[in-house]
Amino acid sequence: MKTTLFASPTHEAFVCHRKANTVVVSFAERKEPPPAGFSGEAMLAKSPHAFCCIRSLTNDWYVGGDFAACLDAVADAIRPYAHVILYGFSMGSYGALISAAALDADRLVLMAPVANIHPDKDRRWIADYQGLIGGRSAADLAPRIPAKTRVICVYDPKGPDRGHVADLKAACPVQVILTPRAGHMVFRFLNNGGILGSVTRMLFEPQVDIAGVQALVRSSMRQNSYYIAELARAMSRHKLLRRLVLRYGLYRFPGDLPLRLDYAGAIAEAGRFDRAAAMIRAVVAEKPTAAVSVAVIRALAQYAEQGGSPDAVADLIAPYASDRPRSREIQLLYARFLRHTRQFDQAIRAHESFMKGGPFSAQGFFERGLIFEELGQPIQAEANYRAALAEAPDFRRAAQQLARLKGHSARNNQ
């Protein structure tokens, strides 16, 4: 039976006591708009372990509000258990890391780990918590992990979280489970492969078979539509090969809507605009709730990039012109559609909602740089590329565009 441990405007926690040696404490991930549900609640309810779930109601990355009081309540509740496992994805992983000492954790299971939220370490979600960490250094925000705590990271070795894993390895022994092509979306990768529950339960076992978990991940990849879609996306310079991979994906997963939308974008690259628009429209008709979604607006942006007529998809793009709340990624892709269709004023306005730091702000500056180049304003373009690099120093495309602009300016001044 669930017992509420803590409830405030910023954090909630409950516990489900059982006759068990182990208690698993989960920390909810970030959600836009907040809040996320309690992470892993349904899966933990089917496990033999006692469990406790914590969530932030404001995406504060567990550094604001009254999280310390919440953590005290959790620590008191789980004290009878011999073994403590902390579990989290993304924001939840940071919550687990910074709670390891207070909860005397024996094990941390971290998916897409974020080991430090200082802007010198990661700026992807800085807008969530910038006002909460003023004056705190990267050292202040680094987790204190007890020497006894076993750390297991599940991540993409070439993805955006690899630097966090490297920092953790420098601080303590770390075991890893690799999820190639998952990017930051490790949950989605494992879930699409049908192994999220199996992997998680294996990582909660008293003796974790790391090699066995890795083998399960590897064997699931051919049955993973998300992996196939990301593999195809990595082949953007090889358009025929990309279409063949997506066609294989559709053969394996004919009902997978994101794959169908990716294929629509791919056939737009081949100039088959009518068919691409028809495929996008069919998906929206089949699933109206997807009308405003990352997958649909990405396909529409690819369609527009290749020269597809905006008039032919006016009904599909219309919902994006509203003030309806949507994620930053959706808004970025909508702005990209507007740029490709040369609706520059609307694109500039569409950027405003995510240009103040946080997810996709660097891409927003980059998009503006491209617009100013189109308008023949290289000084403004250069300023925006520099702003993009200030947000994300390893943003390769922004660095390339900036170098190209500077080279062009130098040649003109000779």
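What you see is a predicted model; the values in this text were computed from it and never measured.
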Problem set entry | D161 vs V186, side-chain contact (heavy atoms from CB on, under 4.5 Å): CA-CA, chis, key distance, verdict | CA-CA 10 Å; D161 307 311; V186 170; 5.6 Å; no
Exercise. Taking the six-membered ring for Trp, are F366 and Y385 ring centroids under 6.0 Å apart?
Worked result: yes
Exercise. Taking it one step at a time, do R107 and V208 satisfy side-chain contact (heavy atoms from CB on, under 4.5 Å)?
Worked result: CA-CA 11 Å; R107 186 185 307 168; V208 180; 3.3 Å; yes
Exercise. Is any side-chain heavy atom of V114 closer than 4.5 Å to a side-chain heavy atom of R124?
Worked result: yes
For this session: Check for a donor-acceptor pair, side chain of Q331 on one end and backbone N or O of A350 on the other, with a separation under 3.5 Å.
Result: yes
Seminar exercise, completed: Rounded to the nearest 0.5 angstrom, the CD-CG distance for E12 and L5 is 11.5 Å
Exercise. D140 and H118: side-chain donor and acceptor closer than 3.5 Å?
Worked result: no
For this session: Could you tell me whether a side-chain N or O of R368 sits under 3.5 Å from a main-chain N or O of I348, the two making a donor and an acceptor?
Result: yes
Problem set entry | Expected output: side-chain R275 to main-chain F273 donor-acceptor under 3.5 Å | no
For this session: Report yes if some heavy atom in the side chain of T200 is under 4.5 Å from a heavy atom in the side chain of V109; otherwise report no.
Result: no
Exercise. Taking NZ, NE, NH1 and NH2 as the nitrogens, is one of them in R201 or E205 under 4.0 Å from a carboxylate oxygen of the other?
Worked result: no
Exercise. Taking NZ, NE, NH1 and NH2 as the nitrogens, is one of them in R404 or E373 under 4.0 Å from a carboxylate oxygen of the other?
Worked result: yes
Exercise. About how many Å separate CD of Q306 and NZ of K239, when rounded to the nearest 0.5 Å?
Worked result: 4.5 Å
For this session: Show your reasoning for whether side-chain contact (heavy atoms from CB on, under 4.5 Å) applies to I133 and V63.
Result: CA-CA 8 Å; I133 61 169; V63 294; 4.1 Å; yes
Exercise. Does a side-chain N-to-carboxylate-O contact under 4.0 Å join R336 and E305?
Worked result: no
Problem set entry | Pair R252-Y248, side-chain donor/acceptor within less than 3.5 Å | yes
Problem set entry | pair F38-L44: side-chain heavy atoms closer than 4.5 Å | no
Exercise. So, do D122 and N116 sit near enough that their side-chain heavy atoms are less than 4.5 Å apart?
Worked result: no
Problem set entry | Q302 side chain vs E269 backbone, donor-acceptor pair below 3.5 Å | no
Problem set entry | Reported CD1-to-CG distance for the pair I152 and L108, which is rounded to 0.5 angstrom | 9.0 Å
For this session: Can you measure from SG (C52) to CD1 (I85) and round to the nearest 0.5 angstrom?
Result: 13.5 Å
Exercise. So how far is it from C153 SG to L97 CG, rounded to the nearest 0.5 Å?
Worked result: 7.5 Å
Problem set entry | Check ion pair E41-R55 (N to O, under 4.0 angstrom) | no
Exercise. When you measure from the side chain of R162 to the backbone N and O of P157, does any donor-acceptor pair fall under 3.5 Å?
Worked result: no
Problem set entry | Flag, side chain of R281 to backbone of D315, donor-acceptor distance under 3.5 Å | no
Exercise. Run the ring-ring contact (aromatic ring centres under 6.0 Å, His included) check on Y320 and F337 step by step: do they pass?
Worked result: CA-CA 10 Å; Y320 295 89; F337 174 93; 8.4 Å; no
For this session: For the pair V296 and L316, evaluate side-chain contact (heavy atoms from CB on, under 4.5 Å) and give the outcome as yes or no after the intermediate values.
Result: CA-CA 9 Å; V296 167; L316 296 170; 5.7 Å; no
Exercise. Does atom CZ of R222 have more than 12 heavy-atom neighbours from other groups under 6.0 Å away?
Worked result: no
For this session: Inspect the contact between D262 and R242 and indicate whether a charged nitrogen and a carboxylate oxygen are less than 4.0 angstrom apart.
Result: no
Exercise. Out of curiosity, I54 CD1 to F27 CZ, how far, rounded to the nearest 0.5 Å?
Worked result: 4.0 Å
Exercise. F67 pairs by ring-ring contact (aromatic ring centres under 6.0 Å, His included) with which of Y62, Y129, F6, Y94?
Worked result: Y62
Exercise. W125 vs H184 aromatic rings, parallel, tilted or perpendicular, using cut-offs 30° and 60°?
Worked result: tilted
Problem set entry | Side-chain donor or acceptor of Y155 paired with backbone N/O of V176 under 3.5 Å | no
For this session: Determine whether the side chains of T341 and Q343 contain a donor N or O and an acceptor N or O closer than 3.5 Å.
Result: yes
Exercise. Is it true that a side-chain atom of S327 and a backbone atom of E32 form a donor plus acceptor pair closer than 3.5 Å?
Worked result: no
